[in-house]
Protein chains: 2
Amino acid sequence: MNWIQTKTTFLRRFSPDARYLIGVSGGRDSVALLRCMVDLGYRKLVVCHLDHQLRGRSSGVDARFVEKLAAKYDVDFELGSTNVSALSKKKKMSIETAAREARYSFFAGVAKRRRCHTIFLAHHADDLVETFLINLFRGAAMTGLAAMREVSKRQVHDVDLTIVRPLLSTWRDEIDLYVREHRLKFREDASNKNLTPLRNRVRCRVIPHVERELGRKIRMNIWRTARIAAEEESWIDAQLKVSLNRDGNLNVKELRVLPVALQRRTILKWLRAQDVPEIGFEAIERVRSLVDTAARVAKVNLAQDRHVRRRAGKLFIDL
Amino acid sequence: MNWIQTKTTFLRRFSPDARYLIGVSGGRDSVALLRCMVDLGYRKLVVCHLDHQLRGRSSGVDARFVEKLAAKYDVDFELGSTNVSALSKKKKMSIETAAREARYSFFAGVAKRRRCHTIFLAHHADDLVETFLINLFRGAAMTGLAAMREVSKRQVHDVDLTIVRPLLSTWRDEIDLYVREHRLKFREDASNKNLTPLRNRVRCRVIPHVERELGRKIRMNIWRTARIAAEEESWIDAQLKVSLNRDGNLNVKELRVLPVALQRRTILKWLRAQDVPEIGFEAIERVRSLVDTAARVAKVNLAQDRHVRRRAGKLFIDL
């Protein structure tokens with residue numbers, strides 16, 4: 001019996017005979033996922049490893065470790081390399097954001113070259129809970145509470161990626177047990193998740209403290225909330241019907257008649273489609289203020305010197 | 001200038017010339033709200049105070065304090081009294097839940113007698129944040145994340161109440177300042193909110209700890225998330241179109257074609273309409289399992305010895 005199969009039925013949608021990408025950092029979680037998928041009969045996997053150039057010599061060791069692992073399981077291997085630290089400075093992003101962008105760029109490149117648009121990632125239940133809390137505390141409500149779904153779509157540089165997370169119902173403890181039972185080797189700290197001290201603080205200090213204070217376990221409850229939020233957001237997104245003009249503008253009149261919840265989601269979707277970075281609640285509310293019939297201003301600022309203007313009943317983005 | 005007016009525009013919808021109920025415990029927040037509404041020109045207020053019989057002799061002192069306050073402002077006063085402790089035992093509810101039920105019963109009674117269905121309550125921004133966290137940690141995602149809105153409807157014993165919370169964008173600090181500036185007297189600990197040690201732990205220990213660990217303020221971010229959640233839930237609720245049969249059953253076929261997010265919300269709405277208590281995520285998921293074409297069971301359990309059965313393509317509740 002395989003421990004993913006007992007938890008997920010949605011994997012049936014992904015035939016073991018097809019080709020899939022799988023992101024493998026070399027850390028415990030992705031090593032466990034790879035083994036698990038191989039055991040489930042997925043033979044045409046393409047192991048994708050991005051060297052973030054963040055850990056000096058260790059980065060190269062991680063890459064060789066993953067390459068050997070792929071060879072051992074007789075599956076393909078794709079290596080990419082990005083100077084994430086330089087990228088983060090250049091684009092004025094946090095290291096974590098830059099690392100994520102770099103990974104998705106790399107995945108999209110491989111997807112295009114290999115003509116294979118589905119990628120398995122090893123995010124698990126604890127990741128979901130920690131991400132939910134981090135985004136809650138950072139105020140990323142519009143863009144982050146439902147960030148992780150079992151199956152989701154993401155467009156990266158004209159490439160449509162389908163992201164599949166088979167471990168989203170599996171807890172770290174269960175993965176640890178699986179790793180021990182199968183005597184899997186992995187690279188400590190290779191996981192990209194460990195790039196962020198914030199996540200470690202939430203994991204090791206915030207959650208245990210709250211559990212002690214309240215005298216109850218909270219992870220499962222937050223996990224449930226995150227799952228509900230993901231499905232509700234996904235449904236709301238599917239309801240968004242305001243059409244973007246061919247030139248990428250947004251019709252003010254159509255927007256104005258929507259309930260506030262849909263105005264916000266529509267603006268979010270529009271800004272994302274225009275590749276606007278770091279879209280937070282405040283930015284969305286600023287854009288939304290242009291929709292008000294009584295709005296006195298016709299221009300609001302976004303990050304990185306970009307602006308939204310209202311002109312002739314339409315919203316435009318200035319580059 | 002009045003500090004509520006600067007924060008809220010929605011109060012314009014409630015003409016100062018009409019009659020409104022206002023819940024006043026005698027605590028700082030409700031005393032501030034009452035004063036503020038009076039200053040705004042609301043003259044036909046009916047001050048509603050429920051004695052919860054939880055604080056021994058203090059309960060009666062609170063009631064007399066509020067009665068005098070109403071007399072001072074020349075507005076009406078309604079007093080109710082409920083043995084909340086007995087109610088909590090009888091209905092197997094927590095003290096907090098029993099207290100809330102008792103208050104709403106009392107408000108509904110006054111609303112009916114006075115033919116006035118709108119009540120102002122003094123919940124503020126910190127209450128919203130704390131309630132959000134408590135419900136998140138307790139796993140009340142389906143029923144609690146969006147529990148507080150500026151304007152919401154609630155049906156209590158055939159009475160439709162409109163609940164208005166003018167202070168939802170005002171922080172405790174701002175209320176403190178207002179109370180000091182106006183030299184308002186209030187009863188320490190009279191606030192019903194202090195009934196729960198859980199809320200105090202979240203307020204005094206959990207939030208400050210998280211802020212220290214993360215090195216940032218989190219209240220405003222959680223407040224935003226709670227506001228977004230409230231509006232999205234409210235919109236989703238408005239979309240629920242599955243009709244209940246006249247006899248209160250739920251059609252399985254109609255339910256089955258809905259996306260999961262709407263199945264959950266529809267079941268929640270249905271169980272609430274049938275007065276099922278303590279509806280959590282697990283209960284909803286159990287009921288949802290009856291909708292699956294492959295479901296082998298035709299009966300699932302709810303709290304307090306109630307059951308849901310599937311029969312002839314419909315879901316029924318057994319009392």
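Reminder, nothing fancy here: chain letters follow the sequence lines and each chain counts from 1.
- Note on B:Glu232 versus A:Arg264: no salt bridge recorded, every NZ/NE/NH1/NH2 to OD/OE distance being 4.0 Å or above.
- By the 4.0 Å N-to-carboxylate-O rule, A:Glu130 lies too far from A:Arg201 to be salt-bridged with it.
- Neither the backbone nor the side chain of B:Glu285 comes within less than 4.5 Å of any heavy atom of chain A.
- Of the two parts of A:Glu211, neither the backbone nor the side chain holds a non-hydrogen atom closer than 4.5 Å to a non-hydrogen atom of chain B.
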Criterion side-chain contact (heavy atoms from CB on, under 4.5 Å) on A:Val129 and A:Trp171, from CA distance to verdict: CA-CA 10 Å; A:Val129 168; A:Trp171 296 89; 3.9 Å; yes

Stepwise side-chain contact (heavy atoms from CB on, under 4.5 Å) test for A:Val308 and A:Leu271: CA-CA 10 Å; A:Val308 173; A:Leu271 294 177; 4.3 Å; yes

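- Per-residue counts of heavy-atom pairs under 4.5 Å with chain A were compared for B:Arg216, B:Arg219, B:Arg227, B:Arg212; the largest is that of B:Arg216.
- Interface remark: B:Arg205 contributes backbone and side-chain atoms alike to the contact with chain A (heavy atom separation under 4.5 Å).
- The pair A:Lys153-A:Asp160 does not count as a salt bridge, with every side-chain nitrogen at least 4.0 angstrom from each carboxylate oxygen.
- When the candidates B:Val260, B:Leu198, B:Leu214, B:Val210 are compared by the number of heavy-atom contacts under 4.5 Å with chain A, B:Leu214 comes out ahead.
- Contact annotation for B:Ile134: neither backbone nor side-chain heavy atoms come within less than 4.5 Å of a heavy atom of chain A.
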